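Keep in mind it's a predicted model, so treat the numbers as computed, not measured. Every heavy atom of this structure was used, including side-chain atoms; hydrogens, water molecules and symmetry mates were not. The chains referred to below are lettered A, B, ... by the order of the sequence lines, with proteins before strands, and numbering in each begins at 1.
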Amino acid sequence: MSILEVRGLKKSFGKTNVLKGVDFSMEEGEVLSVIGSSGSGKTTMLRCINFLETADSGKIFLDGELLLDAADQKKISAAEMRKKQLNFGLVFQDFNLFPQYSVLENVTLAPRLLAREKPDFKTHRHELYEEIDKNAKAIIDSVGLTDKLNCYPCMLSGGQKQRVSIARALALKPRVLFFDEPTSALDPELTGEILKVIRSLAAEKITMIIVTHEIDFAESVSDKILFMADGVAIEQGTPEEVIRNPKNDRVRAFLQKLQDN
Amino acid sequence: MQFIESIRHLVGTIIEQFPIVFPALNEGFLQTLKLFVITLVGALPLGLIISFGSMAKFKPISLITRVLVWIVRGSPLMLQLMIIYYLPGLVGRNIWGGGEQGRFIAACIAFILNYACYFSEIYRGGIQGVPVGQQEAGQVLGMTKKQVFFKVTLLQMVKRIVPPMSNEIITLVKDTSLARIIALQEVIWAGSAFMKSSHGIQGQIWPLFFTGVYYLAFCGILTLLFGYIERKLSYFE
């Protein structure tokens, strides 16, 4: 059974149809990379699935069960949407770390706030927080930032900031982790450290969807590639199929152009 | 030599009259301080409400608040003081009465309204200046709107508004002197009273000049305080 399935996702801004019905599905533990030229709707798709935009129509299934029918999104209470939201994690292109919090606090803030809703919070606050801190430190260690635990974001390099933001998303243990062009805001020499982290997450079988322009990386890390153009997934399949033997002319033209550059 | 003689005479007068003038000015400055504090206590929260109004998605509300801000910022505070104090008497009943207390309340209302409108624009800039990505990051991390505001946005907003706010608050210290137009007995009023006659002293202008010391000292303290707050918030960008 697919962990995530998206059917007929549509979104328009005014008269511009950005998504014209996107369909795809993925299995647990898989890595799916979304490629395509700028303006093809990759980021909008990500934002719709993470509820940052309200899709006009389309359905999202999690573990085979309907998570959201976009037509209902406006009727669903904020509390319900939050619950749905927590199935997914999102790593932004420009990090969006909370500047007033240290690395550790950035990672623990959301889990600590969530812990308040647990029935045993009043009696076990200390234990809950300790558990959250321990977990956060382990995650921060796994992205190699233990020595920056008490630093503030303004003291970090772009690559370090992005690693904190990955740790922050991981701390909530999302079912699917999304990346929106995670290396686009970084200097070329810093992209490597992010790609390395994503590779290690793939090795741990974390389910991920990555919007990226790094075709070589996408080819090597992904189980599946989704090629988008004009708001439609015009080709999808294994990296071998999509990148080595594209059936669609537009995919071929896109890849050719990249090679020429 | 006549110049030195004049100085000596003036210093002598000041030393002689100071024990009488000083308590009178202190009393006036207490009134200045009261007006300053009450204006802040009223205008800081009211300004936030007005800023939410001006950002409201419901058009009539944002239109009304923007017109209010335009009227208040577009006319002199001195005029607003006079209108608020004299208009009720003109159109029916003088709700302020004739006493010092009525004048004080009228002055407070004029100052709170005026400063709330200025503050609202500062708040608006502060709120809109926090990148929308901060709110989105909070949302995808499962925070409620309230949590995002209090845990993420608020401190960043405060950091942004401290410099323009301190500017405005220091202006307020000196603007309180406008209240003497409706005969509120603040420090300038107390100082200028000695030009005619007050506490048995006649025809002296030095007490009026001396009131400047109060403003300088108070603004100095505020400058230090705001500098401290800015330094406290300088650990993040």
> So, for A:C154 and B:F236, which heavy atoms are closest and what is the spacing to 0.1 Å?
Replying inline: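 Minimum heavy-atom contact is SG-CA, 4.3 Å.
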> Taking every heavy-atom pair that is under 4.5 Å apart, which of A:L113, A:L86, A:L97 has the most such pairs with chain B?
Replying inline: A:L113
> Relative to chain B, which of A:P99, A:G89, A:A110 shows the most heavy atom pairs under 4.5 Å?
Replying inline: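 Winner by heavy-atom pair count: A:P99.
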>> For a 4.5 angstrom cut-off between non-hydrogen side-chain atoms, does A:F178 reach B:V140?
In response: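 Sidechains of B:V140 and A:F178: no contact.
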> Taking C-beta and beyond as the side chain, do A:L109 and B:V152 meet within less than 4.5 Å on heavy atoms?
Replying inline: yes
> chain B heavy atoms under 4.5 Å from A:F88: which part of the residue, side chain, backbone, both or neither?
Replying inline: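 Backbone only.
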>> Does any backbone or side-chain atom of A:L172 lie under 4.5 Å from a heavy atom of chain B? Answer side chain, backbone, both or neither.
In response: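 Interface part for A:L172: side chain.
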> Should we say atom OH of B:Y228 is surrounded by more than 12 heavy atoms from elsewhere, each under 6.0 Å from it?
Replying inline: no
Between chain B and chain A, which N and O donor-acceptor pairs fall under 3.5 Å? A table would be great.
unit_1	atom_1	unit_2	atom_2	d
B:G133	O	A:N96	ND2	3.3
B:Q134	NE2	A:L97	O	2.8
B:E136	OE1	A:R47	NH1	3.0
B:E136	OE2	A:R47	NH1	3.3
B:E136	OE2	A:R47	NH2	2.6
B:Q139	NE2	A:F51	O	3.2
B:G142	O	A:R82	NE	2.7
B:G142	O	A:R82	NH2	3.0
B:K151	O	A:Q100	NE2	3.4
B:K151	O	A:Y101	OH	2.5
B:V152	O	A:Q100	NE2	2.8
B:Q156	NE2	A:Q100	OE1	3.2
B:Y235	OH	A:Q100	O	2.9

